[in-house]
Colleague: 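Dropping a structure here in structure tokens format, bear with me for questions.
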There are 2 protein chains.
Amino acid sequence: MGISERKKKILAAVVDEYIRTAEPVGSKHLAENAGLGCSSATIRNELAELVALGYLEQPHTSAGRIPTPMGYRMYVNELMERQKLSAEETEDLNRRLTAKLQELDDSISSVSKLASQLTNYPALALTAASPVTIERVDLIYVDANTFIIVLMLSNRTVQSKLVHLPVSVDQQMVQKLCALFNSGFTKITEDAVTPVLIHSTERAADDSMGLTSVIAAFIIETLTEAAEPSAYVSGENQLLNQPEFRDPDKAHRLMSFLSNGGYILPETAEGMVPADEVRVLIGPENVAEELKDSSVIIASYDAGDNMRGLIGVVGPTRMDYSAVAAKLSFLAAGLSRKLGGGEQPPEGMHNKLIIKGD
Amino acid sequence: MGISERKKKILAAVVDEYIRTAEPVGSKHLAENAGLGCSSATIRNELAELVALGYLEQPHTSAGRIPTPMGYRMYVNELMERQKLSAEETEDLNRRLTAKLQELDDSISSVSKLASQLTNYPALALTAASPVTIERVDLIYVDANTFIIVLMLSNRTVQSKLVHLPVSVDQQMVQKLCALFNSGFTKITEDAVTPVLIHSTERAADDSMGLTSVIAAFIIETLTEAAEPSAYVSGENQLLNQPEFRDPDKAHRLMSFLSNGGYILPETAEGMVPADEVRVLIGPENVAEELKDSSVIIASYDAGDNMRGLIGVVGPTRMDYSAVAAKLSFLAAGLSRKLGGGEQPPEGMHNKLIIKGD
DNA sequence: ATTAGCACTCGAAAGGAAAGAGTGCCAACA
DNA sequence: TGTTGGCACTCTTTCCTTTCGAGTGCTAAT
């Protein structure tokens with residue numbers, strides 16, 4: 001069921017303008033600025049029909065039109081100009097991304113900062129829940145009371161911890177434990193680390209000082225933490241830039257929701273966004289009650305193996321979909337490229353901007 | 001230069017009430033509720049004098065009185081009831097603190113979260129700049145293309161990184177490098193890691209594959225990062241709870257300032273807050289322009305060695321100084337206890353609440 | 001020194017009128 | 001049949017005025 005070309009043009013103009021100004025758009029203004037060759041009266045007729053069709057609405061009788069979620073949907077799917085980033089933008093972005101990634105480790109959190117700065121909306125970076133295993137355990141003997149646990153994980157990160165003990169241990173014991181843990185605790189997921197396994201290891205090592213349980217505890221903690229989805233939120237305060245959040249209560253509600261990790265964009269769980277695709281969720285399309293009149297733009301990146309993450313941006317339904325989608329898409333592609341293991345598309349290339357709804 | 005007892009009582013009552021309600025306090029209300037045995041007219045006279053003395057002011061002729069910064073100062077220094085936490089509060093706090101600290105590593109950031117949740121104000125956790133050195137370097141050989149760098153720092157943390165190389169290295173080389181780094185790079189601060197040192201190490205190891213520089217780069221990065229003061233901010237959105245930040249612009253200004261690390265509470269630099277002391281900075285006493293009409297409460301903790309940090313809470317001048325000071329003081333003491341190296345005061349004990357101005 | 005009483009001030013809230021933007025609809029027109 | 005100018009109408013926004021009330025400062029009495 002299509003609508004006439006002219007209606008599309010008008011709808012696009014209304015959405016564009018409303019995104020820009022946050023003010024309802026009137027027929028006169030469209031006639032003058034939108035460059036379609038007809039008078040305001042004609043446009044009024046068209047607008048009335050667009051309202052009837054559900055794409056637009058009027059805040060009150062004598063106001064201009066604003067898009068409904070359905071209107072935004074149409075805009076995002078068909079109407080909006082797909083922004084390509086300019087050469088300078090691409091370069092700048094690349095530079096900043098690389099810089100951020102060098103602060104590795106917390107790269108995910110800094111990417112969310114970057115996304116927020118770039119878009120002027122709050123941004124989240126999410127890592128998906130994924131089973132993680134230990135690849136390798138090392139125990140570094142420091143002195144009689146101290147050693148370091150080093151865990152290499154299947155997601156190519158390293159976790160380490162300094163352990164200080166009241167009792168003294170000898171180097172042999174540390175080595176023995178290291179071997180035992182390497183044979184018993186690698187390649188298994190967190191739920192396979194059972195008390196039974198720990199006890200048998202403890203016996204095998206002839207460990208009467210509780211070393212085994214200290215190490216096992218760290219392993220469990222590390223696996224649990226790595227397996228859990230986590231969220232980093234940045235730039236919540238950007239919300240206050242948006243006129244729709246001039247009401248402090250409204251702003252506060254959403255900000256609190258976001259600060260708590262947007263827990264955790266329910267969209268994440270069901271129907272994970274495929275890598276290198278940008279998904280747009282408009283207003284009521286969101287599952288979370290708190291987001292019912294906001295929009296979320298999510299891009300997914302692929303960090304190799306089965307590691308995968310999301311970067312998302314949250315804003316009012318009147319969001320700059322086009323620009324944000326372009327930037328997020330680029331960021332996600334950049335992340336896939338830098339973090340991802342294997343095959344890497346050439347540096348300068350955009351991933352295609354697939355935009356889908358719910 | 002003292003003021004009469006009754007004036008003090010009245011001033012205290014005004015501040016208490018204003019903190020509670022955020023509304024100017026009138027003479028009638030005081031006469032009825034503040035339990036000083038005199039009539040509203042008498043109180044009016046006293047209030048007028050307190051205004052003349054600079055402790056109170058009137059937003060306009062026919063409104064009640066609100067405290068000036070000088071009034072708050074007097075309140076904080078002499079008047080306010082020094083809150084002790086109740087037994088339950090103490091226990092609850094201890095439990096939460098311990099829980100947070102187990103998520104070690106990012107303990108500082110989670111303490112700031114805790115402080116914010118506890119006080120319902122935005123909170124910062126700052127670590128002071130302090131020279132950090134490497135205690136020990138370990139290189140773990142994983143496979144021909146991969147090894148792990150493990151650095152143990154003088155601040156008792158461990159940093160590690162997985163390095164993946166395009167070229168293949170043998171185990172001997174790794175061992176040799178490890179020994180060289182341990183003898184050459186430990187116990188020195190970041191600025192002693194010179195290109196000259198790196199080059200001589202590279203030559204000594206006979207390293208033609210750039211391993212040395214990879215390791216050195218990580219060392220430099222780690223030292224730099226560890227030495228830099230850092231800030232974690234939590235609960236910015238709590239600001240929106242406060243009536244004085246109903247104006248979104250005002251809120252936004254302060255929130256942005258805080259999000260950028262409150263850069264970095266200039267108070268930190270000059271005249272570091274002594275450990276186990278709580279410092280209160282009221283309105284214009286703050287150096288940063290953005291804080292001129294807010295108050296900051298800062299507690300310092302001592303994490304052993306010369307490691308030291310701050311936890312701070314930011315709010316309107318009308319903030320609940322007493323409660324916040326008590327909580328921060330407790331938190332700081334708890335942190336000193338758990339992180340600090342040596343002598344530890346007994347678990348349940350409060351540190352004394354010293355409150356000072358500028 | 002304290003208190004009751006009273007006139008006064010000033011902001012906040014409530015009401016009302018005017019202005020302005022934008023619509024819907026009709027009649028005229030190509 | 002689709003388009004256009006014109007016009008009456010609606011509804012919000014803005015501004016002004018009025019009212020209301022809280023709280024004061026002052027004065028005279030205790």
Side-chain angles (χ1 to χ4, degrees), chain A residues 2-11 13-18 20-68 71 243-244 246-247 318, chain B residues 3-11 13-18 20-68 71 243-244 246-247:
Chain A
I3 58 177
S4 79
E5 273 313 305
R6 190 171 64 184
K7 280 204 181 55
K8 285 188 182 175
K9 249 187 159 163
I10 292 179
L11 178 54
V14 171
V15 180
D16 275 329
E17 185 65 11
Y18 185 63
R20 209 173 57 80
T21 63
E23 299 288 335
V25 184
S27 57
K28 191 170 157 206
H29 188 267
L30 286 173
E32 283 164 7
N33 299 309
L36 4 87
C38 58
S39 77
S40 67
T42 312
I43 293 176
R44 272 203 295 281
N45 290 331
E46 295 282 51
L47 287 177
E49 289 180 53
L50 284 167
V51 169
L53 290 169
Y55 294 109
L56 296 176
E57 63 184 333
Q58 288 179 283
H60 51 265
T61 335
S62 77
R65 308 307 209 282
I66 65 178
T68 61
E244 24 274 284
R246 298 241 98 208
D247 171 15
R318 179 194 62 77
Chain B
I3 59 177
S4 81
E5 273 314 305
R6 191 171 63 184
K7 279 204 182 54
K8 286 186 181 175
K9 250 188 158 162
I10 293 178
L11 178 54
V14 171
V15 180
D16 275 329
E17 185 65 10
Y18 185 63
R20 210 172 57 80
T21 63
E23 299 288 334
V25 184
S27 57
K28 193 172 156 204
H29 187 267
L30 286 172
E32 282 163 8
N33 299 308
L36 3 85
C38 57
S39 78
S40 67
T42 312
I43 293 176
R44 272 204 293 283
N45 290 330
E46 295 282 51
L47 287 178
E49 288 180 55
L50 283 168
V51 169
L53 291 169
Y55 293 108
L56 296 177
E57 62 184 334
Q58 290 179 284
H60 50 264
T61 334
S62 77
R65 308 307 210 281
I66 65 177
T68 60
E244 24 276 284
R246 299 239 98 212
D247 171 15

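Letters go in sequence order (proteins before strands), and every chain restarts at 1.
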Colleague: For A:Asn33, which residues count as a side chain to side chain donor-acceptor pair (under 3.5 Å) partner, sequence neighbours excluded?
Modeller: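 In terms of side chain to side chain donor-acceptor pair (under 3.5 Å), with neighbours along the sequence ignored, A:Asn33 is linked to A:His29.
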
Colleague: Tell me: CD1 of B:Ile66 to P of D:dT24, nearest whole Å?
Modeller: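 For the pair B:Ile66 CD1 and D:dT24 P, the rounded distance is 13 Å.
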
Colleague: Listed by chain and number, what are the salt bridge (charged side-chain N to carboxylate O under 4.0 Å, His left out) partners of A:Glu17, not counting sequence neighbours?
Modeller: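 A:Glu17 satisfies salt bridge (charged side-chain N to carboxylate O under 4.0 Å, His left out) with A:Arg20 only.
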
Colleague: Could you list the residues that satisfy salt bridge (charged side-chain N to carboxylate O under 4.0 Å, His left out) with A:Glu57, not counting sequence neighbours?
Modeller: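 Testing A:Glu57 for salt bridge (charged side-chain N to carboxylate O under 4.0 Å, His left out), a comparison that skips the adjacent residues, returns none.
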
Colleague: Give the first and the last nucleotide of DNA chain C, reading 5' to 3', that has any atom under 4.0 Å from a heavy atom of chain B.
Modeller: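 Contact boundaries, 5' end first: C:dT2 to C:dG11.
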
Colleague: Whole-Å distance between D:dT24 P and B:Gln58 CD?
Modeller: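 About 7 Å, once rounded to whole Å.
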
Colleague: In chain order, what residues pass the side chain to side chain donor-acceptor pair (under 3.5 Å) check against B:Thr42, with sequence neighbours excluded?
Modeller: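 Per chain and number, B:Thr42 pairs via side chain to side chain donor-acceptor pair (under 3.5 Å) with B:Ser39.
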
Colleague: Given atom CG of B:Leu56 and atom P of D:dG25, what is their separation to the nearest angstrom?
Modeller: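 To the nearest whole Å, that distance equals 11 Å.
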
Colleague: Any chance you could list the contact pattern along nucleotides 11-19 of chain D? Use B for base contacts, S for sugar-phosphate-only contacts and - for none, protein heavy atoms under 4.0 Å, 5' to 3'.
Modeller: BS-------

Colleague: What is the distance, rounded to the nearest whole Å, between atom CD of B:Glu23 and atom C1' of D:dA22?
Modeller: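 It is 12 Å, rounded to the nearest whole Å.
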
Colleague: Pull out every residue in residues 36-46 of chain B that has a heavy atom closer than 4.0 Å to any atom of DNA chain C, ordered by number, or say none.
Modeller: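 Those residues are B:Cys38, B:Ser39, B:Ala41, B:Thr42, B:Arg44, B:Asn45.
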
Colleague: Between B:Ile10 (CD1) and D:dT24 (P), how many Å, whole number?
Modeller: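 It works out to 12 Å between those atoms.
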
Colleague: Does B:Arg65 put a side-chain nitrogen or oxygen below 4.0 Å from OP1 or OP2 of D:dT24?
Modeller: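 For B:Arg65, the contact criterion (side-chain N or O under 4.0 Å from OP1 or OP2 of D:dT24) is met.
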
Colleague: Write out all pairs satisfying salt bridge (Lys or Arg N to Asp or Glu O under 4.0 Å) with one or both partners inside residues 25-36 of chain A, taking only residues at least two apart or from two chains.
Modeller: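 Non-adjacent pairs meeting salt bridge (Lys or Arg N to Asp or Glu O under 4.0 Å): zero.
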
Colleague: Roughly, in whole Å, what's the span from CD in B:Glu49 to P in D:dT24?
Modeller: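 Whole-Å distance recorded here is 14 Å.
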
Colleague: Answer yes or no: does atom NZ of A:Lys9 have more than 12 heavy-atom neighbours from other residues, nucleotides or ligands under 6.0 Å?
Modeller: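 No, the 6.0 Å shell around NZ holds no more than 12 heavy atoms from other groups.
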
Colleague: Taking side chain to side chain donor-acceptor pair (under 3.5 Å) as the definition, give me every residue that meets it alongside B:Asp247, ordered by chain and number, with sequence neighbours left out.
Modeller: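 Applying side chain to side chain donor-acceptor pair (under 3.5 Å) to B:Asp247 gives none.
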
Colleague: Using the test salt bridge (charged side-chain N to carboxylate O under 4.0 Å, His left out), find all partners of A:Arg318 that sit at least two apart in sequence or belong to another chain.
Modeller: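 In terms of salt bridge (charged side-chain N to carboxylate O under 4.0 Å, His left out), with neighbours along the sequence ignored, A:Arg318 is linked to A:Glu244.
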
Colleague: Please identify each residue that fulfils salt bridge (charged side-chain N to carboxylate O under 4.0 Å, His left out) with A:Glu23, with sequence neighbours left out.
Modeller: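 With neighbours one apart ignored, the set is empty.
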
Colleague: CG of B:Leu47 versus C1' of D:dC26: gap in Å, rounded?
Modeller: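 To the nearest whole Å, that distance equals 16 Å.
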
Colleague: Does A:Thr68 use its side chain to pair, donor to acceptor, with the backbone of A:Gly54 at less than 3.5 Å?
Modeller: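 Answer holds: yes.
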
Colleague: How many Å lie between NZ on A:Lys28 and C1' on D:dG6, as a whole number?
Modeller: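 It is 14 Å, rounded to the nearest whole Å.
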
Colleague: B:Lys7: what forms a side chain to side chain donor-acceptor pair (under 3.5 Å) with it, not counting sequence neighbours?
Modeller: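 Partners of B:Lys7 by the side chain to side chain donor-acceptor pair (under 3.5 Å) criterion, ordered by chain and then number, come out as B:Glu46, B:Glu49.
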
